> 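Can you read through this structure? Questions will come right after.
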Amino acid sequence: ARHARLNGVNTLNGVPDLSGSGISGAEWMRVMSGAWERTGADWDAYGETEVDDYALESPEEFFAVLSEHFFTIPAHLDEVLPEAYALLARFYRQDPLHWRHA
(Lines give C-alpha, C1' and ligand atoms only; values in the text may rest on other atoms or scores of the structure.)
Protein backbone atom coordinates (compact mmCIF):
# COMPACT_ATOMS: atom_id res chain seq x y z
CA ALA A 1 0.00 0.00 0.00
CA ARG A 2 1.18 3.50 -0.81
CA HIS A 3 0.01 5.01 2.45
CA ALA A 4 1.66 4.60 5.80
CA ARG A 5 -0.05 2.40 8.32
CA LEU A 6 -0.51 3.66 11.81
CA ASN A 7 1.91 1.15 13.31
CA GLY A 8 -0.85 -1.45 13.14
CA VAL A 9 -2.80 0.23 15.91
CA ASN A 10 -5.57 2.77 15.97
CA THR A 11 -3.44 5.79 16.86
CA LEU A 12 -2.66 8.95 15.00
CA ASN A 13 0.29 11.31 15.43
CA GLY A 14 -0.03 14.89 14.27
CA VAL A 15 -2.64 15.81 16.84
CA PRO A 16 -2.89 19.61 17.16
CA ASP A 17 -3.08 21.42 20.48
CA LEU A 18 -6.63 20.68 21.62
CA SER A 19 -6.49 23.02 24.64
CA GLY A 20 -9.71 24.96 25.02
CA SER A 21 -11.39 23.19 22.09
CA GLY A 22 -13.63 20.94 24.16
CA ILE A 23 -12.29 17.99 22.15
CA SER A 24 -10.59 15.20 24.04
CA GLY A 25 -7.53 13.45 22.69
CA ALA A 26 -9.51 10.20 22.64
CA GLU A 27 -12.29 11.74 20.54
CA TRP A 28 -9.78 13.30 18.13
CA MET A 29 -7.99 9.97 17.72
CA ARG A 30 -11.24 8.05 17.18
CA VAL A 31 -12.59 10.40 14.51
CA MET A 32 -9.34 11.07 12.67
CA SER A 33 -8.18 7.46 12.83
CA GLY A 34 -11.50 6.41 11.32
CA ALA A 35 -11.14 9.00 8.56
CA TRP A 36 -7.53 7.89 7.96
CA GLU A 37 -8.57 4.24 7.71
CA ARG A 38 -11.41 5.02 5.29
CA THR A 39 -9.11 7.11 3.12
CA GLY A 40 -6.46 4.39 3.14
CA ALA A 41 -9.04 1.72 2.30
CA ASP A 42 -10.20 3.82 -0.66
CA TRP A 43 -6.60 4.07 -1.88
CA ASP A 44 -6.06 0.32 -1.47
CA ALA A 45 -9.31 -0.55 -3.24
CA TYR A 46 -9.44 2.05 -6.00
CA GLY A 47 -5.99 3.62 -6.29
CA GLU A 48 -7.53 7.00 -5.47
CA THR A 49 -9.17 8.77 -2.57
CA GLU A 50 -11.92 11.31 -2.02
CA VAL A 51 -9.30 13.68 -0.62
CA ASP A 52 -5.84 14.44 -1.96
CA ASP A 53 -3.97 11.14 -1.67
CA TYR A 54 -0.93 13.09 -0.44
CA ALA A 55 -2.84 13.11 2.86
CA LEU A 56 -1.73 9.51 3.35
CA GLU A 57 1.97 10.43 3.44
CA SER A 58 1.79 10.94 7.21
CA PRO A 59 -0.74 11.74 9.95
CA GLU A 60 0.54 15.32 9.98
CA GLU A 61 -0.15 15.68 6.25
CA PHE A 62 -3.56 14.08 6.76
CA PHE A 63 -4.49 16.82 9.23
CA ALA A 64 -3.08 19.49 6.90
CA VAL A 65 -4.94 18.21 3.82
CA LEU A 66 -8.23 17.81 5.70
CA SER A 67 -7.81 21.34 7.07
CA GLU A 68 -7.24 22.67 3.55
CA HIS A 69 -10.34 20.87 2.27
CA PHE A 70 -12.31 22.13 5.27
CA PHE A 71 -11.70 25.72 4.20
CA THR A 72 -11.65 25.36 0.40
CA ILE A 73 -14.15 22.59 -0.42
CA PRO A 74 -16.15 22.17 2.79
CA ALA A 75 -19.22 20.58 1.19
CA HIS A 76 -17.08 17.85 -0.35
CA LEU A 77 -15.29 17.11 2.93
CA ASP A 78 -18.61 17.07 4.79
CA GLU A 79 -19.98 14.63 2.22
CA VAL A 80 -17.07 12.16 2.24
CA LEU A 81 -15.83 12.44 5.85
CA PRO A 82 -18.70 14.02 7.84
CA GLU A 83 -17.33 13.15 11.28
CA ALA A 84 -13.97 14.70 10.41
CA TYR A 85 -15.72 17.81 9.05
CA ALA A 86 -17.74 18.18 12.27
CA LEU A 87 -14.64 17.73 14.40
CA LEU A 88 -12.71 20.34 12.41
CA ALA A 89 -15.67 22.75 12.71
CA ARG A 90 -15.43 22.44 16.47
CA PHE A 91 -11.63 22.66 16.43
CA TYR A 92 -11.50 25.78 14.24
CA ARG A 93 -14.72 27.22 15.73
CA GLN A 94 -15.96 27.88 12.21
CA ASP A 95 -18.39 26.28 9.81
CA PRO A 96 -17.49 27.15 6.20
CA LEU A 97 -20.65 25.41 4.96
CA HIS A 98 -22.65 28.29 6.37
CA TRP A 99 -20.44 31.21 5.41
CA ARG A 100 -22.12 33.91 3.38
CA HIS A 101 -20.07 35.21 0.50
CA ALA A 102 -20.36 38.86 -0.47
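The structure displayed is predicted, hence computed values, not measured ones. Along the sequence shown, residues are numbered consecutively beginning with 1.
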> Kindly assign one of parallel, tilted or perpendicular to the pair Phe63 and Trp28, based on the angle between their ring planes and the thresholds 30° and 60°.
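Aromatic pair Phe63/Trp28 classed perpendicular.
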> Any link between Ile73 and Phe91 through a network of hydrophobic side chains (Ile, Leu, Val, Met, Phe, Trp, Tyr) touching at under 4.5 Å?
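Ile73 and Phe91: separate clusters.
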> Which is it for Met32 and Leu88 under the side chain to side chain contact (heavy atoms under 4.5 Å, CB included) test, yes or no, and what are the steps along the way?
CA-CA 10 Å; Met32 290 305 217; Leu88 290 172; 4.0 Å; yes
> Tyr46 and Val80: same hydrophobic cluster, using ILVMFWY side-chain contacts below 4.5 Å?
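Tyr46 does not cluster with Val80.
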> Would Arg90 and Glu27 pass as an ion pair if we require N to O under 4.0 Å?
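Answer for the salt bridge query: yes.
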> I need the Asp42 CG to Glu37 CD distance, nearest 0.5 Å.
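Atom-to-atom, Asp42:CG and Glu37:CD are 11.5 Å apart.
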> Does Tyr85 use its side chain to pair, donor to acceptor, with the backbone of Leu97 at less than 3.5 Å?
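Yes, because the side chain of Tyr85 sits within donor-acceptor range (under 3.5 Å) of the backbone of Leu97.
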> Where do Pro96 and Phe70 come nearest, in terms of heavy atoms and distance?
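In terms of heavy atoms, the two residues are closest at CD-CZ, 3.2 Å.
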> To the nearest 0.5 angstrom, please state how far the CG atom of Leu77 sits from the OG atom of Ser67.
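It is 9.0 Å, given to the nearest 0.5 Å.
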> Taking 4.0 angstrom as the limit, do Glu50 and Arg38 come out as a salt bridge?
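Salt bridge between Glu50 and Arg38, a charged N being under 4.0 Å from a carboxylate O: no.
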> Nearest 0.5 Å, what's the CG-CD1 distance between Leu87 and Ile23?
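Reported to 0.5 Å precision, the distance equals 4.5 Å.
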> Can you tell me how far apart CE (Met29) and OG (Ser24) are? Round to the nearest 0.5 Å.
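The OG atom of Ser24 is 10.5 Å from CE of Met29, to the nearest 0.5 Å.
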> List in chain and number order the residues that pass side-chain hydrogen bond (donor to acceptor under 3.5 Å, both in side chains) with Glu61, two or more places apart in sequence or in another chain; answer none if no residue qualifies.
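Result, side-chain hydrogen bond (donor to acceptor under 3.5 Å, both in side chains) vs Glu61: none returned.
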> Quick check for you: to the nearest 0.5 Å, what is the distance between Asp52 atom CG and Leu66 atom CG?
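Rounded to the nearest 0.5 Å, the CG-CG separation comes to 10.5 Å.
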